[in-house]
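Presented below is the structure to which this report refers.
Keep in mind that this is a model prediction, so the values were computed, not measured. Heavy-atom basis, side chains included; hydrogens, waters and symmetry copies ignored.
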Amino acid sequence: MMSRRFLCARIVLAVVLTSTVLRAQNPDYVLSLSSNSSPPGGSTSISAFLDNNGSDMQGWTYGVCSDSTAVQPTSIDPADSGTVNGGGPPGFLTQQIFSGGWSQGVVVSLLGINTLPAGTIGFELAIVDYDLLPSVPAGFQPLDYCDTLGNPPVIIVVVVAGISIAPTTISGSIEVVPSEPVFIRGDANDDGGVNVGDVIWELNELFIGGSQQTLCTLADDANGDGIPNIGDPIYLLGFLFQNGPPPVAPFPNCGVIPGTTVADCEEAASCP
């Protein structure tokens, strides 16, 4: 026969997962999300945290939503939630990944033996990995606590003495940063090498114009002074025919300059 305490825990869990909580957010319980960054097509991780300035907590449920056309959660690590039950796993743990979000539900102890104590600050609820789509534009992708995931939807509550309480929530974000462009300094015509063809190309750019325009002004800047001008083809002539200094890095192989973006240089077609 099912014990009364176990039955009560089951009932509390059912209420947490399906109830609608209409009360205002309680500032004694705060759910927050960290922020991170990644280039398009890359991966990153964020953490969900809980600050308990109220009373001992028996459990919680929540969802975190994101734009499915930009980022997608791929895995969930329960972090501190995995050892919340007196150092061991919780009595109940569910974690789900959806298109455009993820959720977590925890009952600390089915028998009510352990709780998350009042005064617990910075409790790491979960660590979640995200993949960014290659086409996502630069900027910030918001990550928001939400109650729209699943069927029935997982709501945002913490449970104290069997009562569901709406916590205060703080959003996070993933900053999409452009990838640093890859190029060869001095390779103005983007053919994979630096030779007299690049000198002619740069002279045409400077004095003739037309279709011969480099896509990477950093490659034009052979002497690395930050200003592509007549000094650069002269610098290349000195290197090629008068034993002068070589173009500054990245040279002679493809490379990057930390902090640069596609606004400084479109990635060279000759570089992998």
Kindly work out whether a path of hydrophobic side-chain contacts (I/L/V/M/F/W/Y, heavy atoms less than 4.5 Å apart) joins Phe239 to Leu237. yes

With a 4.5 Å cut-off on side-chain heavy-atom distances among I, L, V, M, F, W and Y, is there a chain of contacts connecting Phe183 to Ile227? no

If every non-hydrogen atom of Leu116 is compared with every non-hydrogen atom of Asn52, which pair is closest and at what distance? O-ND2, 3.3 Å

Side-chain heavy-atom pair Tyr130, Gln141 within 4.5 angstrom cut-off: no

Same cluster (ILVMFWY, side-chain, under 4.5 Å), Val199 and Phe207: yes

Residues 109-144 vs disulfide bond (SG atoms under 2.5 Å apart), sequence neighbours excluded, gives none

Check whether any side-chain heavy atom of Pro142 lies under 4.5 Å from a side-chain heavy atom of Ser171, and answer yes or no. no

Nearest 0.5 Å, please: how far is CG in Leu31 from OH in Tyr145? 4.5 Å

Under 3.5 Å donor-acceptor pairs involving side-chain atoms of residues 38-45, not counting sequence neighbours:
{"from": "Ser38", "atom 1": "OG", "to": "Ser43", "atom 2": "N", "distance (Å)": "3.4"}
{"from": "Ser43", "atom 1": "OG", "to": "Asp131", "atom 2": "OD1", "distance (Å)": "2.7"}
{"from": "Thr44", "atom 1": "OG1", "to": "Asn36", "atom 2": "ND2", "distance (Å)": "3.2"}
{"from": "Thr44", "atom 1": "OG1", "to": "Ser37", "atom 2": "O", "distance (Å)": "3.4"}

Using side-chain heavy atoms (C-beta onward) and a distance below 4.5 Å, is Val107 in contact with Gln58? no

Separation between CZ (Phe251) and CD1 (Ile184), nearest 0.5 Å, reads 8.5 Å

Any donor-acceptor pair under 3.5 Å linking the side-chain atoms of Thr74 with those of Asp129? no

If you define the side chain from C-beta out and look only at heavy atoms, does anything of Ser68 sit under 4.5 Å from Phe98? no

Kindly give the heavy-atom pair with the smallest separation between Ala219 and Asp187, and that separation in Å. CB-O, 3.8 Å

Quick one: does Ser173's side chain have a donor or acceptor within less than 3.5 Å of a partner on Ser35's backbone? no

What are the two closest heavy atoms between Asn229 and Pro233, and how far apart are they? O-CD, 3.2 Å

Under the rule for salt bridge (charged side-chain N to carboxylate O under 4.0 Å, His left out), what residues qualify as partners of Asp232, not counting sequence neighbours? none

What's the shortest heavy-atom distance between Leu125 and Gln104, and which atoms? O-NE2, 3.0 Å

Is there a path of hydrophobic side-chain contacts, each under 4.5 Å between heavy atoms of I, L, V, M, F, W or Y residues, that connects Phe140 with Val177? no

Minimal heavy-atom distance between Tyr62 and Ala48, with the atoms involved, is OH-CB, 4.0 Å

Let's go through Val30 and Phe49 carefully: what are the C-alpha distance in whole Å and the side-chain angles of both, what is the deciding distance for side-chain contact (heavy atoms from CB on, under 4.5 Å) to 0.1 Å, and is it a yes or a no? CA-CA 8 Å; Val30 179; Phe49 292 100; over 6 Å; no

Side-chain heavy atoms of Thr260 within contact of Leu218, under 4.5 Å: yes

Do Thr61 and Ile155 have side chains that get closer than 4.5 Å, going by heavy atoms? yes

Hey, could you give me the SG/CG distance between Cys216 and Asp221, rounded to the nearest 0.5 Å? 9.5 Å

Any pair with a residue in residues 96-136 that passes disulfide bond (SG atoms under 2.5 Å apart), sequence neighbours left out, goes on the list, sorted by first then second residue, please. none

Between CG of Asp77 and CD of Gln95, what distance do you get to the nearest 0.5 Å? 8.0 Å

Measuring only between side-chain heavy atoms, which start at C-beta, is Thr115 closer than 4.5 Å to Met57? no

Which heavy-atom pair separates Val106 from Ser81 by the least distance, and what is that distance? CG2-CB, 4.4 Å

Report the C-alpha separation of Trp60 and Ile156 in whole Å, then their side-chain angles, then the decisive distance to 0.1 Å, and conclude whether the side-chain contact (heavy atoms from CB on, under 4.5 Å) test is met. CA-CA 8 Å; Trp60 53 84; Ile156 309 169; over 6 Å; no

Interatomic spacing from CZ in Arg185 to OH in Tyr235 - rounded to 0.5 Å: 9.5 Å

Go through it in stages, so that I can follow the logic: the residues are Leu236 and Asn195, the test is side-chain contact (heavy atoms from CB on, under 4.5 Å), and I'd like the CA-CA distance, side-chain angles, deciding distance and then a yes or no. CA-CA 8 Å; Leu236 284 180; Asn195 51 48; over 6 Å; no

Output for pair (Asp220 CG, Asn189 CG), nearest 0.5 Å, gives 10.0 Å

Selection residues 156-205 - residue pairs positive for disulfide bond (SG atoms under 2.5 Å apart), sequence neighbours left out: none

Can you tell me which residue pairs pass the disulfide bond (SG atoms under 2.5 Å apart) test with a partner in residues 155-204, sequence neighbours excluded? none

Within the structure provided, determine whether Leu149 and Cys65 are in side-chain contact (heavy-atom separation under 4.5 Å). yes

Give a yes or no on whether Val248 and Val182 share a hydrophobic cluster (residues Ile, Leu, Val, Met, Phe, Trp, Tyr; joining criterion: side-chain heavy atoms under 4.5 Å apart). no

Under the criterion side-chain contact (heavy atoms from CB on, under 4.5 Å), I'd like the reasoning laid out for Leu50 against Thr120: C-alpha separation, chi angles, the key distance, then a yes or no. CA-CA 8 Å; Leu50 168 63; Thr120 302; over 6 Å; no

